[in-house]
Structures are given as structure tokens and as C-alpha cells.
Q: 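Okay, here's the structure, questions in a sec.
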Amino acid sequence: IPLVRPVSCGREGDAPLVLRLPSLRDETQRIAELLREAHDQGQTRWGDMAVICRRHAVMDAVAAALARLRLPYQLRRGSGDFQPQADTIKILTMHASKGLEFPLVALPGIGQMPGAGEDEREEARIFYVAATRATHRLVITMSGAGGFGQRLAATATGAG
């Protein structure tokens, strides 16, 4: 798959923050801390944050990390239980994020993409959809040895 440089369509903000961490639990904990810091510093309200995940198991891990820090969140399992106007951190799948935008987006579990037997092109497409939901700040975390994690490791800006 050829690498394509992103083209900004009027979006502003920092370059994506790419973090390689030892485990998914470390990823979710770091994301929870970063979201709390952004809120506490007055940078972003809870309702302007989203954590977009490839798999439901990662969504559950994110919810547990946010609960440990007592952060308000909303887990989107289906369209009927989603309240987009609520002042809560939204946790949703990459597929469900299509068409939505948030000033701050975190993408955990990228180091496990693509999964065994998954089409790399399709996974790249859905990753692109999720990454472009951020209008100001994008945080990508990864652990594991998936193909995307290996490619992003060269651009990692820190380890936590």
C-alpha cells in the first residue's frame, strides 16, 4: 500500500501524537490521562472528545480506563443509545464514527491492525476514516506487532 501524505482541508491543530506503549492497558490508561489533562487545562470539553476503536473489546478496555479516573463517557453500542449532545467522552467503533467530527480524537489499538486474515487495504481505509474525525488533535496509541504499528513506529513522538 503506497503511503500518501495527508492534505489538510481547512483543519488546524498539532501534528498527530503517536505513542508506542507496552500493552493495550497502558494505551487506554494514557489516553484517559491525556483526555483528563485536556479537559482540566480548559482545552477541550468532554463532549468534544472521542475514542474511536476498531474492536468492541478495545472499547470496553477504554471504558474501564475512563471509569478508573471517574471521567464521564458514553459507550456507543448501537444507534439508539447514542446522545451526541451529551457532555461525555464518546467511545465508538471506527465504522460508527463515519460522518462525525470531534476536536480531540484518540485511536487506541492501532498496533493490532490489521488483524490476522484481514484485508490490509480495507483496514487502511477504515483507519483513515477514524483518523480524519479529528478536527484539532489526534492521538494514536499502539502496542503489539501489527503492520500498522510497525509502519507508525518510525513516526512515534514519544513513549508516554
Q: Decide whether E101 and T135 meet the rule of one side-chain donor and one side-chain acceptor closer than 3.5 Å.
A: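 No donor-acceptor contact under 3.5 Å links the two side chains.
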
Q: Do D60 and L75 touch side chain to side chain, with heavy atoms closer than 4.5 Å?
A: yes

Q: How long is the straight-line distance from NE2 of H39 back to CG of D87, given to the nearest 0.5 Å?
A: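 Nearest 0.5 Å value for the CG-NE2 distance: 6.0 Å.
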
Q: Closest heavy-atom contact between V105 and A130?
A: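 Smallest heavy-atom distance, with atoms named: CG1-O, 4.2 Å.
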
Q: Under a 4.5 Å cut-off applied to non-hydrogen side-chain atoms, are D119 and P114 in contact?
A: no

Q: So does R30 pair up with E37, basic N to acidic O under 4.0 Å?
A: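 Result for this pair is yes, salt bridge flagged.
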
Q: As an exercise, state the distance from CG of L35 to CD of E33, rounded to the nearest 0.5 Å.
A: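 Here the rounded value is 10.0 Å.
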
Q: Is there a side-chain contact between L17 and L34, using heavy atoms and a 4.5 Å cut-off?
A: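 L17 reaches L34 side chain to side chain.
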
Q: Taking E118's backbone N and O only, do any of them form a donor-acceptor pair with E123's side chain (distance below 3.5 Å, no angle check)?
A: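 Flag not set: sc E123 to bb E118 has no pair under 3.5 Å.
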
Q: If you look at every heavy atom in G47 and F102, which pair is closest and at what distance?
A: O-CD2, 4.2 Å

Q: Quick check: do R133 and K90 have side-chain heavy atoms less than 4.5 Å from each other?
A: no

Q: Can you see which heavy atom on M59 is nearest to which on R76, and at what distance?
A: CE-O, 3.3 Å

Q: List the atom of A32, the atom of A65, and the distance in Å for their closest heavy-atom pair.
A: CB-O, 4.0 Å

Q: Please examine the side chains of D26 and S143, heavy atoms only from C-beta on, and report whether any two atoms are closer than 4.5 Å.
A: no

Q: What's the separation between atom CG in L69 and atom CZ in R36, rounded to the nearest 0.5 Å?
A: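 Output value for this atom pair is 5.0 Å.
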
Q: Side chain of R54, backbone of P108: donor and acceptor closer than 3.5 Å?
A: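 Absent.
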
Q: Within this structure, what is the CG-CZ distance for the pair L92 and R77, rounded to the nearest 0.5 Å?
A: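 If we round to the nearest 0.5 Å, L92:CG and R77:CZ are 11.5 Å apart.
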
Q: How many angstroms lie between atom NE2 of H136 and atom CD of Q43, to the nearest 0.5 angstrom?
A: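 Nearest 0.5 Å value for the NE2-CD distance: 11.5 Å.
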
Q: Within a strict 4.5 Å, meaning less than it, do heavy atoms of the L107 and L138 side chains meet?
A: yes

Q: State, yes or no, whether a side-chain contact exists between V58 and E27 at a heavy-atom distance under 4.5 Å.
A: no

Q: Atom CZ of R55 and atom OG1 of T93: how far apart are they, to the nearest 0.5 Å?
A: 11.5 Å

